[in-house]
Undergrad: 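Here it is, the structure in full.
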Number of protein chains: 2
Amino acid sequence: MGNSNLYKGSLTTIILKLLEEHHKMYGYEITQKVKELTKGELKITEGALYPSLHKLEAEGLLDVEVTKVDNRLRKYYKLTEQGTKETVNKLSELQEYIKTMQALVNPKFVVK
Amino acid sequence: MGNSNLYKGSLTTIILKLLEEHHKMYGYEITQKVKELTKGELKITEGALYPSLHKLEAEGLLDVEVTKVDNRLRKYYKLTEQGTKETVNKLSELQEYIKTMQALVNPKFVVK
DNA sequence: TCTTATGCATAAGAGATTTATGTATATATT
DNA sequence: AATATATACATAAATCTCTTATGCATAAGA
């Protein structure tokens, strides 16, 4: 993924959130959407993305639907019910993480 | 470190920032300070902390000063000049990370 | 006396990502 | 027509960071 290695550990959160918002996306589309939303700041690599999608599917958080467009393969992923719940968890963990880091880095903030 | 694996990659930032603020700290003190500042939310493990301190020292970002207090060893670390510069970098990377994640997770935010 | 706190350290394993490949079709460029 | 770029998937080896499990040693509290 990106430059700074702070991004390690946030790929799952990103994938789930994008799928929550767009209902149905395929791998390549996710890489492009992230690049677009972050103005090129963050580039998800295929080597990280595809194994991650497979894992989320294996865990029952995502469903797949294979289609063919212009004679090229596409695998559309969407959240399962369980995936929707896990998305909520991941997002609150992210908020918690940000709050905690603010407490450490900016002593004006206090964790409650 | 902590529970959620979002914290991967942020240990260095945490160490550097605490040293910037306190000028001089030893390992155990860092673990306690983090626990205190985050109300127990984040616990730095020794297995992560000590190798990280050694690495930062090897890279020239930290200086060490060994002392003995109550017959027990203490290794005080402080930022080198280079370490001070790197702290600024790490902190801005953290802000950048947070901003980018907001853009992904909360579409109202836009990365500029 | 036994447990907890203080204080350091390292090694094995796990987990996530990077880097390097590989395959294949469609489109744009020279 | 040939070549490069974009689209679209995939995996394997290496790397990096952290967790878990140890180990050693002194001080203080129950």
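Since the structure is predicted, the reported quantities are computational estimates derived from the model, not experimental observations. So that the names make sense, note that chain A is the first sequence line, chain B the second, and so on, each numbered from 1.
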Undergrad: Just verifying a value: how many Å separate A:K8 NZ and B:K8 NZ, rounded to the nearest 0.5 Å?
TA: 8.5 Å
Undergrad: Between the protein and nucleotides 4-8 of chain C, list every N/O to N/O distance that falls short of 3.5 Å.
TA:
unit_1 : atom_1 : unit_2 : atom_2 : d
C:dT6  : OP2    : B:Y28  : OH     : 2.1
C:dT6  : O5'    : B:Y28  : OH     : 2.9
C:dT6  : O3'    : B:R72  : NH1    : 3.2
C:dG7  : OP1    : B:R72  : NH1    : 3.2
C:dG7  : OP1    : B:R74  : NE     : 3.0
C:dG7  : OP1    : B:R74  : NH2    : 2.9
C:dG7  : OP2    : B:Y26  : OH     : 2.7
C:dG7  : O3'    : B:L73  : O      : 3.4
C:dC8  : OP1    : B:K75  : N      : 3.0
C:dC8  : OP2    : B:G27  : N      : 3.4
C:dC8  : OP2    : B:Y28  : N      : 2.6
C:dC8  : OP2    : B:Y50  : OH     : 3.0
C:dC8  : N4     : B:E46  : OE2    : 2.9

Undergrad: Can you spot which of B:L49, B:I44, B:V34, B:L79 makes a side chain to side chain contact (heavy atoms under 4.5 Å, CB included) with B:I15?
TA: B:L49
Undergrad: Let me know the distance between NZ of A:K33 and P of D:dA8, rounded to the nearest Å.
TA: 14 Å
Undergrad: Within this structure, what is the CG-to-P distance between A:L49 and D:dT11, rounded to whole angstrom?
TA: 12 Å
Undergrad: Round to a whole Å and report the spacing from NZ of A:K68 to C1' of C:dA26.
TA: 13 Å
Undergrad: Is the distance from the ring center of B:Y26 to that of B:Y77 below 6.0 Å?
TA: no
Undergrad: Under a 3.5 Å cut-off for both distances, is D:dA30 Watson-Crick or wobble paired, and to whom?
TA: C:dT1
Undergrad: Roughly, in whole Å, what's the span from CD1 in B:I30 to P in C:dA9?
TA: 11 Å
Undergrad: Between A:E59 and A:K55, is the closest basic N to carboxylate O distance under 4.0 Å?
TA: yes
Undergrad: Can a donor-acceptor pair be found, under 3.5 Å and without considering hydrogens, that links the side chain of B:T80 to the backbone of B:G83?
TA: yes
Undergrad: Testing A:L16, A:L37, A:L94 for side chain to side chain contact (heavy atoms under 4.5 Å, CB included) with B:V105, which one passes?
TA: A:L94
Undergrad: Check for me, please, whether A:V64 and A:L11 land in the same ILVMFWY cluster - side-chain distances under 4.5 Å, paths through other members count.
TA: yes
Undergrad: Can you measure from OG1 (B:T38) to NZ (B:K43) and round to the nearest 0.5 angstrom?
TA: 8.5 Å
Undergrad: Can you check the A:M25 CE to D:dC9 P distance for me, whole Å?
TA: 11 Å
Undergrad: In whole angstrom, what separates B:I44's CD1 from D:dC18's P?
TA: 9 Å
Undergrad: Atom pairs, N/O to N/O, protein against nucleotides 13-17 of chain D, distance under 3.5 Å?
TA:
unit_1 : atom_1 : unit_2 : atom_2 : d
D:dT17 : OP1    : A:N5   : ND2    : 3.3
D:dT17 : OP2    : B:K55  : NZ     : 3.3

Undergrad: Using whole Å, report how far CD1 of B:I15 lies from P of D:dC18.
TA: 8 Å
